[in-house]
Amino acid sequence: MNLKLELQPKEVFSRIGFSLAISFLVVNGIQLAIIAILKTMDSPWLQSQWLTWILIVIGFYLIGFPLFCWMVKDLPSISMDGLQKLKLFDLIEYGCIAYTLAYVFNLFTLLLMAAIESLKGNFITNVGENLVVGTSSIGLFICGVILSPIIEEILFRKILIDKIKLYGDKVAILVSAVTFGVYHGNLSQVFYATALGAIFAYVTLKTNRVQYAIILHIFINGMSAVIMPAILGDGTEVIRIALAIGVVFTILVVGIVGLIKLMKKINLNSGTYYIHRHRLVQTIFGNGGMIGYLVISFVVIILTIITT
């Protein structure tokens, strides 16, 4: 028997957690090293609106992402067969559901950040907001709206889910969502990214196509980075503000109705390797790799709160 198939579930999740931890550390380490080098050189690139995207391209796209792929390549995979097509209306409805989840969890995050800021006495950096208003608009579109959704979905919804799909849809959605959320490494994105990870994972599992998750991810990022800023303009025109409110309200209504319908019809496959619900959390997260990844991620999140 192939030794890869003899791995216990805990070992599989530990390997995944360890690989994510190394990828996360390498990405952040490379980005910090580049910034440190630029500071010693007193480089004008430190003020460049392209710097953030260059750091993401080098740290994540070119190194962190392929490093994770290489570290988990020996784990057994279940490829996504039996492809299912989504009708256009269903895809739009899932897009509205995803936007609604992002909206609600982002609102929760803003309230949480406001509470922490009142205790700290100063502001916490909103990374997502800074990406939209403080970087190159061309870089934002190319990297933030197009490339990041593609690479992140391939990592968290294709490669990762292929490795754990045999343990059932519930496990795949939980792991894909949580690991995706904390990989962002900051308070402003962790909660809504986790919620989005769950709906993206569900759509991927139901259709056996990662393409739909990519489209939904592009839509969400495009709404916050391109579409809503284009509608609002400088935020001083009443007509533009009213139009923006109308767009958001319509999406939220469709999203809430769609989410209610989804919760009524949701059907998750149990997988070929069943993990008892009483041992589910312990099996997935109670291992060295996953504990290490979560601890490292949360330490980074806490540091961003303290130091900003």
Side-chain angles (χ1 to χ4, degrees), residues 1-20 68-69 72-87 90-91 93-94 97-98 100-101 105 152-183 193-217 258-291 293-294:
M1 180 182 291
N2 192 323
L3 291 177
K4 293 186 293 185
L5 300 179
E6 294 179 349
L7 289 174
Q8 294 298 310
K10 265 196 173 185
E11 296 175 289
V12 173
F13 293 114
S14 184
R15 172 83 75 84
I16 290 172
F18 178 73
S19 302
L20 285 169
F68 173 80
C69 297
V72 300
K73 65 182 178 65
D74 290 334
L75 291 176
S77 298
I78 295 181
S79 59
M80 296 181 181
D81 51 5
L83 302 180
Q84 301 293 324
K85 287 186 177 181
L86 277 182
K87 296 179 180 178
D90 293 331
L91 183 61
E93 188 175 53
Y94 278 123
I97 291 172
T100 300
L101 290 173
F105 280 92
E152 289 173 1
E153 292 311 307
I154 291 174
L155 194 163
F156 289 98
R157 253 62 70 181
K158 172 58 179 172
I159 296 171
L160 180 57
I161 284 181
D162 279 357
K163 303 296 182 184
I164 59 177
K165 188 179 179 182
L166 75 161
Y167 303 111
D169 290 354
K170 182 190 297 184
V171 171
I173 292 171
L174 176 63
V175 175
S176 176
V178 172
T179 55
F180 174 64
V182 300
Y183 197 92
T194 300
L196 287 174
I199 191 65
F200 294 161
Y202 176 79
V203 171
T204 300
L205 288 164
K206 292 297 105 180
T207 63
N208 287 320
R209 292 172 181 257
V210 73
Q211 294 93 323
Y212 291 126
I214 292 173
I215 292 171
L216 293 174
H217 199 154
L259 186 58
I260 293 172
K261 287 166 54 181
L262 178 62
M263 296 305 295
K264 289 181 178 180
K265 69 176 183 180
I266 194 167
N267 180 30
L268 302 177
N269 294 325
S270 59
T272 57
Y273 192 112
Y274 177 69
I275 301 175
H276 195 278
R277 60 188 178 89
H278 293 309
R279 293 186 288 109
L280 192 65
V281 174
Q282 181 184 2
T283 300
I284 296 172
F285 299 111
N287 54 75
M290 278 293 183
I291 291 173
Y293 172 57
L294 294 176

Please, which pairs that meet salt bridge (Lys or Arg N to Asp or Glu O under 4.0 Å) have at least one residue in residues 166-178, sequence neighbours excluded? D169-K206

Going by ring-ring contact (aromatic ring centres under 6.0 Å, His included), name the residues that satisfy it together with Y274, two or more places apart in sequence or in a different chain. none

Applying side chain to side chain contact (heavy atoms under 4.5 Å, CB included) to S19 and not counting sequence neighbours gives R15, F68, M71, V72

Shortest non-hydrogen contact from Q282 toward K10: O-CE, 3.5 Å

Evaluate the criterion side-chain contact (heavy atoms from CB on, under 4.5 Å) for residue pair Y167 and V175; output intermediate values, then yes/no. CA-CA 11 Å; Y167 303 111; V175 175; over 6 Å; no

Using the rule given for side-chain contact (heavy atoms from CB on, under 4.5 Å), can you reason through L101 versus L259, listing the C-alpha separation, both sets of side-chain angles and the distance that settles it, and then say yes or no? CA-CA 9 Å; L101 290 173; L259 186 58; 4.2 Å; yes

Qualifying residues under side chain to side chain contact (heavy atoms under 4.5 Å, CB included), relative to A193, sequence neighbours excluded: F180, H184

One pair to check against side-chain contact (heavy atoms from CB on, under 4.5 Å): T204 and K165. What are the steps and the verdict? CA-CA 11 Å; T204 300; K165 188 179 179 182; over 6 Å; no

Determine whether more than 12 heavy atoms belonging to other residues, nucleotides or ligands lie under 6.0 Å from atom CZ of F285. yes

So, for I199 and A98, which heavy atoms are closest and what is the spacing to 0.1 Å? CG2-CB, 4.0 Å

Between OG1 on residue T283 and CG on residue L280, distance to nearest 0.5 Å: 7.0 Å

Between atom CD1 of I97 and atom NZ of K261, what is the distance when rounded to the nearest 0.5 Å? 8.0 Å

To the nearest 0.5 Å, how far apart are CD1 in I266 and CD1 in I173? 6.0 Å

Calculate, to the nearest 0.5 Å, the distance between atoms CD1 and OG belonging to I284 and S14 respectively. 13.0 Å

For S176, which residues count as a side chain to side chain donor-acceptor pair (under 3.5 Å) partner, sequence neighbours excluded? R157

Euclidean distance, I161 CD1 relative to F200 CZ, rounded to 0.5 Å: 11.5 Å

side-chain contact (heavy atoms from CB on, under 4.5 Å) between Y273 and V171, worked out: CA-CA 11 Å; Y273 192 112; V171 171; over 6 Å; no

Would you give the length of the straight line joining atom CD of Q8 to atom CG of N287, rounded to the nearest 0.5 angstrom? 12.5 Å

Please check this pair: side chain of Y293 against backbone of T179, looking for a donor-acceptor N/O pair closer than 3.5 Å. yes

Is the count of non-hydrogen atoms from other residues, nucleotides or ligands lying under 6.0 Å from Y202 atom OH greater than 12? yes

Partner set under ring-ring contact (aromatic ring centres under 6.0 Å, His included) for Y94, not counting sequence neighbours: none

K163 side-chain N/O to I16 backbone N/O, donor-acceptor pair under 3.5 Å: no

Please report the shortest heavy-atom distance between A177 and T194, naming the atom on each side. CB-O, 3.3 Å

On a heavy-atom basis, the closest approach of Y212 and L86 is OH-N, 2.9 Å

Nearest atoms (heavy-atom pairs only) where I164 meets A172: CD1-CA, 3.7 Å

